[in-house]
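Have a look at the structure below, then the notes.
Here is how names work: the chains are called A, B, and so on, in the same order as the sequence lines, proteins then strands, and each is numbered from 1. Side chains included, hydrogens not; waters and symmetry mates left out as well; all remaining heavy atoms used.
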Amino acid sequence: GESVGLHLPTLSVQEGDNSIINCAYSNSASDYFIWYKQESGKGPQFIIDIRSNMDKRQGQRVTVLLNKTVKHLSLQIAATQPGDSAVYFCAENRRYSTLTFGKGTMLLVSP
Amino acid sequence: KAGVTQTPRYLIKTRGQQVTLSCSPISGHRSVSWYQQTPGQGLQFLFEYFSETQRNKGNFPGRFSGRQFSNSRSEMNVSTLELGDSALYLCASSSTEWNTEAFFGQGTRLTVV
């Protein structure tokens with residue numbers, strides 16, 4: 001079956017550190033991957049996406065890496081700030097299908 | 001550009017009642033998806049609509065239903081509420097048929113007592 005899962009439920013970092021959040025997926029047919037950030041009391045916020053024909057994509061302070069060989073996705077946040085504290089979800093999608101979400105990783109940033 | 005708007009933000013209902021939640025997608029977005037979020041189960045897909053047609057449906061009982069109107073606004077209905085239906089219900093909209101760049105609303109927090 002298909003599944004998207006996260007390796008670490010909680011990640012604690014110091015302000016200014018770089019953070020890496022990991023995600024494993026099992027469906028090799030997935031075409032598209034997305035990272036979302038969810039703060040308490042809010043809906044998930046789109047951060048960055050990547051298509052399966054890419055292995056890296058960069059945004060503002062964030063980089064997503066896709067390793068299709070081992071079915072692994074990661075989100076790197078540079079110079080992590082307290083405002084980055086949230087739950088981060090990875091999600092995968094296939095054409096005309098629906099988003100399947102992982103369980104989420106809590107990122108805690110200490111000042 | 002306004003984001004995805006969900007109403008109401010909070011609801012308290014009693015067991016056995018029914019409830020209707022509303023979602024207004026981002027202007028121009030034709031795809032609307034609904035998700036249920038609970039601490040134990042995470043984000044679970046309910047249904048997805050594109051141009052008024054239900055294209056995908058998750059593994060939820062028939063008490064959960066939805067529809068999409070010609071202006072892309074969507075509603076979901078839950079009948080005969082159970083305590084376990086207490087959750088955050090999230091709506092996401094996308095401009096593409098492929099659900100790329102899906103944007104979420106703030107959600108409706110439903111509490112069943």
- [ ] First locate atom CZ of A:F101, then atom OH of B:Y35, and finally report the distance between them rounded to the nearest 0.5 Å.
- [x]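 Here the rounded value is 5.0 Å.
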Looking at [X], I'd like to know if its [atom1] atom is crowded, meaning that more than 12 non-hydrogen atoms belonging to other residues, nucleotides or ligands lie closer than 6.0 Å.
X	atom1	value
A:K68	NZ	yes
A:L108	CG	yes
B:N59	CG	no
A:R61	CZ	yes
A:K56	NZ	no

- [ ] Could you tell me which portion of A:Q45 (side chain, backbone, both or neither) has an atom closer than 4.5 angstrom to a non-hydrogen atom of chain B?
- [x] neither
TODO: Could you check which of B:Q106, B:R9, B:Q44 has the highest count of heavy-atom pairs closer than 4.5 Å to chain A?
DONE: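 Looking at each option in turn, the highest pair count goes to B:Q106.
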Task: Partner set under side-chain hydrogen bond (donor to acceptor under 3.5 Å, both in side chains) for B:D85, not counting sequence neighbours - done: B:R63
Open item on the list: Students often mix this up, so state it plainly: with edges at 30° and 60°, are the rings of A:F46 and B:F103 parallel, tilted or perpendicular?
Closed with: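 Taking B:F103 first and then A:F46, their aromatic rings sit tilted (interplane angle of 30° to 60°).
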- [ ] Would you mind checking which part of B:Q6 comes under 4.5 Å of any heavy atom in chain A, side chain (CB onward), backbone (N, CA, C, O), both or neither?
- [x] neither
Task: Interchain contact, B:L43 with chain A, by part (heavy-atom threshold 4.5 Å) - done: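 Both parts, backbone and side chain.
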Open item on the list: If you define the side chain from C-beta out and look only at heavy atoms, does anything of A:P44 sit under 4.5 Å from B:L90?
Closed with: yes
